[in-house]
Trainee: 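Take this structure first; my questions come after.
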Amino acid sequence: SRSLASSARAARKVAQQADESLKYHPRKAVHLDDVHRVDEAATALDHVASQLNSLMRGLSDLTADFAAIPEKHQDVPEELVQLLDDSGKALNAFGRLQLPDKGGPRVYDELSRLIKSAKPHERQAAHAMLPDDDAPTMLWSIYGAILDDARRMLRELDPDDGPHREGIPLALRAYAAHPSHQAA
């Protein structure tokens with residue numbers, strides 16, 4: 001998560017420098033969309049890195065001495081494992097969308113499908129993580145934080161309805177908006 005955050009900050013810095021260098025460029029409009037896309041994608045990755053860092057902290061807290069979580073409650077439910085796997089795969093697909101030779105309609109569809117298929121996994125993980133009456137209060141907090149971070153990661157990466165759609169290459173946004181794609 002630290003490496004991702006560092007890379008996202010570096011990408012944002014490059015995008016800001018590119019934006020500054022375009023300020024007086026005669027063909028500014030030709031490049032401005034790409035600069036904005038890189039900045040928006042880096043913002044999404046920066047947000048995901050924060051959530052990933054928090055999520056990792058939550059998983060670490062399950063076994064931390066200060067939390068005093070009984071050993072029987074320290075296992076991660078399989079449903080949460082599935083949700084975390086969804087999040088990792090979505091992050092991978094989002095990253096591939098940023099690479100001109102890797103990202104294309106197939107990867108866009110993969111990411112869109114991953115986000116949609118994760119919705120029921122969120123609910124399943126929430127139900128599986130309902131602590132017993134004898135569970136320490138701290139377990140409720142840890143589980144809630146982990147679930148919320150995983151949900152937020154998926155939202156940040158959502159190419160269809162997420163807050164960083166402009167981080168998706170323009171050609172792929174046009175592909176996704178095309179009526180033939182909507183009917184599929």
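Reckoned from all heavy atoms, side chains included, excluding hydrogens, waters and symmetry mates. Since we're looking at a predicted model, the values are computed, not measured.
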Trainee: Looking only at non-hydrogen atoms, find the nearest pair between Glu156 and Pro163 and report the distance.
Mentor: OE1-CG, 3.9 Å
Trainee: Indicate whether any N or O donor in one side chain lies under 3.5 Å from an N or O acceptor in the other, for Glu79 and His121.
Mentor: no
Trainee: Look only at the side chain of Arg155 and the backbone of Asp161, and say whether a donor-acceptor pair between them is shorter than 3.5 Å.
Mentor: yes
Trainee: Rounded at 0.5 Å granularity, tell me how far CG in Asp158 sits from CD1 in Ile115.
Mentor: 5.0 Å
Trainee: In plain terms, say whether Asp109 and Arg113 are close enough for a salt bridge, that is, a side-chain N and a carboxylate O under 4.0 Å apart.
Mentor: no
Trainee: Count the heavy atoms of every other residue, nucleotide or ligand shown that sit under 6.0 Å from CZ of Arg165, and state whether that count exceeds 12.
Mentor: yes
Trainee: So does Asp160 pair up with Lys116, basic N to acidic O under 4.0 Å?
Mentor: yes
Trainee: Roughly how far, to the nearest 0.5 Å, is CD of Gln82 from OG of Ser87?
Mentor: 10.0 Å
Trainee: What's the spacing between Leu59 CG and Leu80 CG if we round to 0.5 Å?
Mentor: 6.5 Å
Trainee: When you look at Ile142 and Ile69, which way does the side chain to side chain contact (heavy atoms under 4.5 Å, CB included) test go after all the steps?
Mentor: CA-CA 10 Å; Ile142 293 170; Ile69 305 294; 4.2 Å; yes
Trainee: Got a second to check how far Phe94's CZ is from His164's NE2, nearest 0.5 Å?
Mentor: 8.0 Å
Trainee: Could you tell me which non-hydrogen atom of Pro105 sits nearest to which non-hydrogen atom of Leu172, and how far apart they are?
Mentor: N-CD2, 3.4 Å
Trainee: Measuring from atom CE of Met153 to atom CG of Leu84, what distance do you get when rounded to the nearest 0.5 angstrom?
Mentor: 8.0 Å
Trainee: How many angstroms lie between atom CG of Leu62 and atom CE of Met138, to the nearest 0.5 angstrom?
Mentor: 10.0 Å
Trainee: If only atom types and distance count, is the side chain of Arg37 paired as donor or acceptor with the main-chain N or O of Leu170 below 3.5 Å?
Mentor: no
Trainee: If only side-chain N and O atoms count, and only distance matters, is there a donor-acceptor pair under 3.5 Å linking Arg96 with Asn92?
Mentor: yes
Trainee: Tell me whether Lys72 is salt-bridged to Asp134, with the criterion being a basic N under 4.0 Å from an acidic carboxylate O.
Mentor: yes
Trainee: Write down the atom of Ala93, the atom of Val107, and the distance for their closest heavy-atom approach.
Mentor: O-CG1, 3.5 Å
